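Because the structure is a prediction, the values reported are computed rather than measured. Numbers restart at 1 for each chain; the letters A, B, ... are given by sequence-line order, proteins then strands.
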Amino acid sequence: MKYRFDGESKRLILDQQQEFRTDSGWDESFQTYEDEVLKDIINPIENYETCRYIHKPYTSSSGIEQTDIWFYFYFVENGGYILDYTPQGLDQTTKLLADVKNSFFRLEFYKTPNNDPPNRSNRRLVFAKNLSLPVGERCFIGGLNGELYVPVFMGSNYKNKENMYLFWFEDDSVLEETLLTGTTFFMTAKFYNAVDGSRIQFANKEILNGADVVEEDDLYFEVQMDRSNAPSYHYDITDYNSSGTVRGNRRGESSDPIKFYEIGASGSTVIQPTSTPTPLPTSGPTPTPTATSILPTATPTSGGTPTISWSLGTSVTVSANTPQTNNINDITGSVTVTNGSVNVYIRSSKAFNYVNVSEASLSIGGVGTLTATAASGDTQEYSLPSTLTIPPGVYPYTLSAEITLDGGVTSGMGQSDIYTQ
Amino acid sequence: MENKKILSPSKRYKKAESEDLGIRTGLERSEKLMREGDKTIILDIAELYRKERNQSTNYKIYGKLNMVFRNLYSGTSLYGPLLNNLYLETDTYDPNDYSGFKSYNEFGFLRRDYVREFQNPTGVTRGDFQPNIVVTGGTGHQTFSQMEAPFRNWNLYLSYVYDKDENHLMRYTLSGNTVYDFTASMGVPFRVTDKGNYYELTSPLKHNMSQGEYVILSGNTISTGTDSQRVFGISSVGNEIYDSEYYTINLNKSEFTSSQNISGVVFGKKCIDKFNISQTTSNYYVRKHKTITTLDDYILDIPGFESPIFEVERKLQFETSDGESDKYVEQNRPESVLYHFKNSIDLSQYRNNLGYTPTEIFLTTVFRNGNGYFNYPPRLGWRFNFHDTWGDEQFDTGFSGGDTNLPSSTFTQSGITFTKGDELPIDSTLDGDFVEYNPIDFEEVVLSDTFHKLNSNPDVFDHGQTNSTVYIGASPTNPIGYFYKVHHQIKLRQLSPYIETSDTDDILNLPENTVYDEYINLWKWRDLYDHGYKDSDGFGTDFPFTNNYHYVKNDINFYFRNEDSFRNKAYGIRNLRGGSGDEIC
């Protein structure tokens, strides 16, 4: 109620029935307040929906845009690393044995407050993904004339494979009052062995000869999820260490897989963090504690293992789009051998097994030449039993690939590869 | 005395469920009087859920698309990569006598012929692992990867109706290539039959008119005079044919003046009251859609546990034109795919062509033609433009009313220029259904759905699509092809089938779809049903609601039709010509 002063009357006349309504407007405000309180205390709206994140597309070395993701898990054998399950006591036959079926790798994804370097005091397990052995790759072993499961996994959204989707919140609204917001995760891996119930921790690099393991530097890859950039809801995986010196190199592509290495080739130990752990402000599920790995000591190897390195790699491809001969592609570089002689052989392979012929040739200066020809009807051919023995030293080498299209076919591709025996 | 709050018995809207007004007092209850200043709030989780559910305007759209299609055009090709991948009608290729079908990959939602890496791991000894990755796949035409495969043929968008076009040019063609051009505002096309005492007017679409109403005619044979001189009472609807009441109206000749003789095709607009034509006559127009999503906003997936019941028509081609033996080819692959829009849409930010928050959105499907094997862009038409045995001139490239104006780009390969579609940016506009809106009924009625028509580029694949001796009405500028419905409706809210009226002055509290009807001098509106409520006739919406989203599942049978074999009028008008043997409609 308002009184307007007219400049003449000097008196206010108050009626007994006059109501000043000093609470005017309170009802509406109180109703708003009431609604807000109710929303907060009864079934508050929070977005718990998780959505699917795909591996970020990349252009492979073949020039193909794809999302395939590759993992290699190396086990220790005789002081070195090997892509095979035998060191874990897993036997394989033509049948799928229970031990193989029931063993699995476990990729664990952690978050830390403010994305601090993860250790067992500050990390929190947010989700995990199991990779069953039969989902992994099968490799034809020529010496055994059979196929073996190997600790190599390829995930693809589009093939009948483990798809390697990750699921996480589509926004951070449910984590707003914690320190676990953000899209940075730390991934490590373990192997659960059904033969003896043991569990093996993997590192992100080779750790041999009793080296100490610094958890913040040696156990994790960094996983970054992206909600906005196209394709929206994707992730990528990069190297990680706490100092940042090797961060940022993307891993997981077909030509650059994520490589996990078993810890403890020669008595390595996991070093516990010395810094004061950061307390987590919120309660929540406690991750299963992981025992400190004092792993069995392997017998140290004496002397060095023969090594070989090729300056321009061990593979070359050639393609053709019209019938033609003498279509050759080659690479010429240097090969370095140390700590003893190394035997090598080559293979020629091609995409189609009809009509066209592919040929591989390796020439090492002062050592010799190898050839392998995949004729019509063959998908691949090795030079075996012919090999070359390269003594320690540095030599020039040329690896060539040739594809011949006889007619009819309008496309084809050949590939030459060098293998170490 | 207990202090109880008694809810008002008035319903929130006419057909809303009644609230429980009873107060049950138990003999064992022990309750206190409230002290002055206290406030009681009834914590009712069901009520709170209902309130939040109806306040939320966020919707997540997902569902399944079933491709209903048979690949039936068999032809020849001079373009090597397509020729090499034809599903030949014979086992071997004879350059002088062959015919084949395009691979289904040219039509499918998810192409399978993308270029990809393939690994064949080998090793010599245990522990030796060589992935042996090689490149495989492809057709020799254009290289694309698995990332592009779901978007190369078809693109999905969400759209809403934001406007209307009353002046959209339309065309209707009778057999014998008799063409009638008109604008949408002229109304429904009718073919006139003189029945002696009355005219029988037959439309190729449901006219939505009833006995006792009026029709305002226009056209070449009745073009003079005002609307009031061309309004005629509908004496009856239908004739002796089943369902004909939806397509046929009858007008007594006694209502026509001696100078009014109609014939051929006329156009009619529905009128409720001949004495108040301006306020009771229907408006006819083409709806205009605007897209609200991009290609990155949705994903297309293969269902985990479902495949259509129809058989995959496939074979190992004994020998292809390039000499490849035992090549796997598919003529048809019945497809079910899942679509899922990743982000929610907030409906409150949009207004439809009638000025209020849309109650429906549309899944808009556009053929992308990534390989360029079809003429592009597709042509625009409506359901009534498809006939049993001839092609409609609506789709002629020389007729601007058939332009879809979809963006495109070209590329050249082996001397042939291919045209493919480009992605539609947000807020792209597309033409929609042909609808009627009557101010009295206060509701849009879809008279004819929008279709896009495709046809093969004859330089690439020739099945006689431009030959009028093979397909009646076909020509180089109007080839026979395929067609599909562009916009599939997804209902998000339900307006009541009844109309509420009021003469209140409290207009601020009226629903947003309220209009003032000067004919009856009342405000009128349709109630917006609550989510979770369905009336006795089944009208209503009931979507799962959580995370502040309504999860709207919408399965769609996507009919991709061959124009040559499709019979438009199988359930209605086709039979209407049976009696007279007249094939003109």
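Residue B:Leu110: no heavy atom, backbone or side chain, is found under 4.5 Å from chain A. Looking at A:Tyr72, only its side chain comes within 4.5 Å of chain B, counting heavy atoms on both sides. Neither the backbone nor the side chain of B:Phe545 has a heavy atom closer than 4.5 Å to any heavy atom of chain A. Heavy atoms closer than 4.5 Å to chain B are found in the backbone of A:Glu46, but not in its side chain. Interface remark: A:Tyr382 contributes side-chain atoms only to the contact with chain B (heavy atom separation under 4.5 Å). Using a 4.5 Å cut-off between heavy atoms, A:Tyr74 makes no contact with chain B at all. Of the atoms belonging to A:Glu170, it is side-chain heavy atoms, and not backbone ones, that fall under 4.5 Å from chain B. Using a 4.5 Å cut-off between heavy atoms, A:Val152 contacts chain B through its side chain alone, with no backbone atom that close. B:Tyr549 touches chain A through its side chain: at least one heavy atom from C-beta onward sits under 4.5 Å away, while N, CA, C and O do not.
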Check residues 128-135 of chain B and write down every donor-acceptor pair under 3.5 Å in which the side-chain atom is one partner and the other belongs to a residue at least two apart or another chain.
from	atom 1	to	atom 2	distance (Å)
B:Asp128	OD2	A:Tyr345	OH	3.3
B:Asp128	OD2	B:Val124	N	2.8
B:Asn132	OD1	A:Arg347	NH1	2.8
B:Asn132	OD1	A:Arg347	NH2	2.5
B:Asn132	OD1	A:Tyr419	OH	3.0
B:Asn132	ND2	B:Asn120	O	3.0
B:Asn132	ND2	B:Thr122	OG1	2.5
B:Asn132	ND2	B:Gln130	O	3.4

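Taking the six-membered ring wherever Trp is involved, the centroid distance between the rings of B:Tyr114 and B:Phe144 does not fall below 6.0 Å.
When the side chain to side chain donor-acceptor pair (under 3.5 Å) test is applied to A:Tyr53, the partners found at least two apart in sequence or on another chain are A:Arg227.
Not one N or O on the side chain of B:Glu117 forms a donor-acceptor pair closer than 3.5 Å with the backbone of A:Ser254.
Chain B forms the most heavy-atom pairs under 4.5 Å with one residue out of A:Cys139, A:Gly143, A:Ser62, A:Gly142, and that residue is A:Cys139. Your options are B:Lys51, B:Lys342, B:His340, and the one with the most heavy-atom pairs under 4.5 Å with chain A is B:Lys342. Of the listed residues (B:Thr546, B:Thr320, B:Ile299), the one with the most heavy-atom contacts under 4.5 Å to chain A is B:Ile299.
Note on B:Asp530 versus B:Arg50: salt bridge recorded, some NZ/NE/NH1/NH2 to OD/OE distance being below 4.0 Å. Looking at A:Arg52 and B:Asp301, a side-chain N of the basic residue comes within less than 4.0 Å of a carboxylate O on the acidic one, giving a salt bridge.
Atom OH of A:Tyr48 and atom CG of B:Asn548 lie 13.5 Å apart (nearest 0.5 Å).
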CA sep, side-chain torsions, deciding dist, call: A:Gln66, A:Tyr58, side-chain hydrogen bond (donor to acceptor under 3.5 Å, both in side chains): CA-CA 6 Å; A:Gln66 60 184 13; A:Tyr58 61 91; 3.2 Å; yes
